[in-house]
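In this text, all values refer to a predicted model and were calculated from it rather than measured experimentally. No hydrogens, no waters, no symmetry mates; every other heavy atom, side chains included, goes into these values. Count residues from 1 along the sequence.
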Amino acid sequence: MNTRLPRRVSAAAAAALTLTALSACGDGDDVTPTGASKVSVAGVEIKQDQALHDRLPDQIKKAGKVRVATDVPYPPFEMFVKEGESELTGLDHDLGQALGAKLGVDFAFTPQKFDGIVPAIQAGKFDAAMSAITDNKERQQVVDFVDYSRSGSGILVADGNPAKIADLDGLCGQKVAVQAATNQLELLKSRQKACSAAGKGKIDIQTFPKDSDAQLALRSGKVVAQVLTKPAAGWVAKTADDGKAFDLVEDPAAPGGYNASPNGIAVSKRLPELTDAIQKALQALLNDGTVAKIYGKYGVASIAVEEATRNAAVD
């Protein structure tokens, strides 16, 4: 099981990507690349901060770029604009372009298999990585993290939320879909005692081999909800049938999702000045609302952090 998030987004988000990402990424909010006369990300024009540029390591300033590893596809964080082509899009890519614009360098993304990302940073092949990587203490031994989101499990419901599900407690006594052998299945199992104690009846858990199968059950009314990673749920709600098929449940008590953990930009420990500059640039983009607009573009505004923390693992 992949540990970059509580569970790697699989067929559900991949299907949404294949069927609808092109229209979602072609809505006029695309990135104008760093190096252009005008840098715009998610409709926001971003200007270089010379003081932050000056904080960069000399080798980054000389190269004019930060070499960034990423594992594609992993919607909504990492995606190809067109299947079979190399141009990238997605939340991480857009955020990287915004950070690069603020710092006055390119964030040059290169696909890399997920399990090889951290070793590649250690080997000096990359300066950093943006790939929805869970910040944990084991990884902190070899890279530093600038944390930019918190994500856990979310609840997807049919359009209009006919069963009026507001939170996990609302799933008690209901038929709920989930992919087998996932953290989301364990989350539902862990709620059974609380449901029984509240006299609401246990959750009728319906397991499926793939997220896409669970969504078919939700579409057909066989279940009232599906539990999957919140970023995947937000992306599917935004893109499936042009946003008319599903809704994402927003629980104010769990804005990043249930059992949320921080995702971080991994940076080489050889480049502490880069970590510092990225952290300060991210905070500036949080403060001016750019991050919120980027995340909103992908249907996951609620997973954004308020403060750009460093090495904030919860394990």
Restricting to salt bridge (Lys or Arg N to Asp or Glu O under 4.0 Å), what partner residues turn up for [X], sequence neighbours left out?
| X | value |
| --- | --- |
| Lys65 | none |
| Lys280 | Asp276 |
| Arg150 | none |
| Lys125 | none |

Would you sort out whether Arg219 and Asp241 count as a salt bridge (Lys or Arg N to Asp or Glu O under 4.0 Å), showing the intermediate values? CA-CA 11 Å; Arg219 281 180 180 272; Asp241 296 353; 2.9 Å; yes

Could you go through the side chain to side chain contact (heavy atoms under 4.5 Å, CB included) check for Phe246 and Asp159 one step at a time? CA-CA 4 Å; Phe246 305 108; Asp159 186 50; over 6 Å; no

Is the closest side-chain heavy-atom distance between [X] and [Y] below 4.5 Å?
| X | Y | answer |
| --- | --- | --- |
| Met130 | Thr70 | no |
| Ile133 | Phe114 | yes |
| Thr110 | Phe126 | yes |
| Tyr148 | Val146 | no |
| Asp127 | Ile121 | no |

Indicate yes or no for a side-chain donor-acceptor contact from Gln184 to the backbone of Val227 under 3.5 Å, with no hydrogens or angles considered.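 No, Gln184 side chain to Val227 backbone: no donor-acceptor pair under 3.5 Å.
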
Distance-only, no hydrogens or angles: does the Gln279 side chain make a donor-acceptor pair with backbone N or O of Ala308 under 3.5 Å?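 The answer is yes, because a donor-acceptor pair under 3.5 Å joins these two groups.
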
Given Ile205, which partner from the list Leu185, Val176, Leu171 fulfils the side chain to side chain contact (heavy atoms under 4.5 Å, CB included) test?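 Going through the options one by one, the only one that passes is Leu185.
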
If only side-chain N and O atoms count, and only distance matters, is there a donor-acceptor pair under 3.5 Å linking Thr134 with Asn136?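 No pair is found: no donor N or O on one side chain lies under 3.5 Å from an acceptor on the other.
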
Enter the distance from [X]:[atom1] to [Y]:[atom2] here, rounded to the nearest 0.5 Å.
| X | Y | atom1 | atom2 | result |
| --- | --- | --- | --- | --- |
| Leu56 | Leu271 | CG | CG | 10.0 Å |
| Asp315 | Lys137 | CG | NZ | 6.0 Å |
| Leu187 | Asn183 | CG | CG | 8.5 Å |
| Tyr298 | Thr239 | OH | OG1 | 11.5 Å |

Going by disulfide bond (SG atoms under 2.5 Å apart), name the pairs with one or both residues in residues 255-315, residues two or more places apart or in two chains.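 Checked against disulfide bond (SG atoms under 2.5 Å apart) - neighbours excluded - no pair reaches residues 255-315.
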
For residues 158-232, pull every pair meeting disulfide bond (SG atoms under 2.5 Å apart), keeping only residues two or more places apart or in separate chains.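 Sorted pair list: Cys172-Cys195.
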
Transitively linked via ILVMFWY side-chain contacts under 4.5 Å: [X] with [Y]?
| X | Y | value |
| --- | --- | --- |
| Ile46 | Leu286 | yes |
| Leu88 | Tyr295 | yes |
| Val44 | Leu285 | yes |
| Ile303 | Leu248 | no |

Salt bridge (charged side-chain N to carboxylate O under 4.0 Å, His left out) contacts in which one or both residues fall within residues 244-254, not counting sequence neighbours: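 Output for this query lists Lys230-Glu250.
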
Tell me, please, which residues at least two apart from [X] pass side chain to side chain contact (heavy atoms under 4.5 Å, CB included).
| X | answer |
| --- | --- |
| Thr309 | Asp147, Glu307, Ala312 |
| Ala281 | Leu52, Leu99, Lys102, Leu103 |
| Ala163 | Ile165, Val224 |

Give every residue pair that meets the side chain to side chain donor-acceptor pair (under 3.5 Å) criterion with at least one member in residues 186-196, sequence neighbours excluded.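 Pairs touching residues 186-196 that pass the test: Asp169-Arg191.
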
Quick one: do Phe145 and Arg139 satisfy side chain to side chain contact (heavy atoms under 4.5 Å, CB included)? Show the steps, please. CA-CA 9 Å; Phe145 286 99; Arg139 290 176 177 145; 3.6 Å; yes

My understanding is that only residues two or more places apart in sequence, or in another chain, count here; which of them pass side-chain hydrogen bond (donor to acceptor under 3.5 Å, both in side chains) with Gln50?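 Partners of Gln50 under the side-chain hydrogen bond (donor to acceptor under 3.5 Å, both in side chains) test: Gln48, Asp54.
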
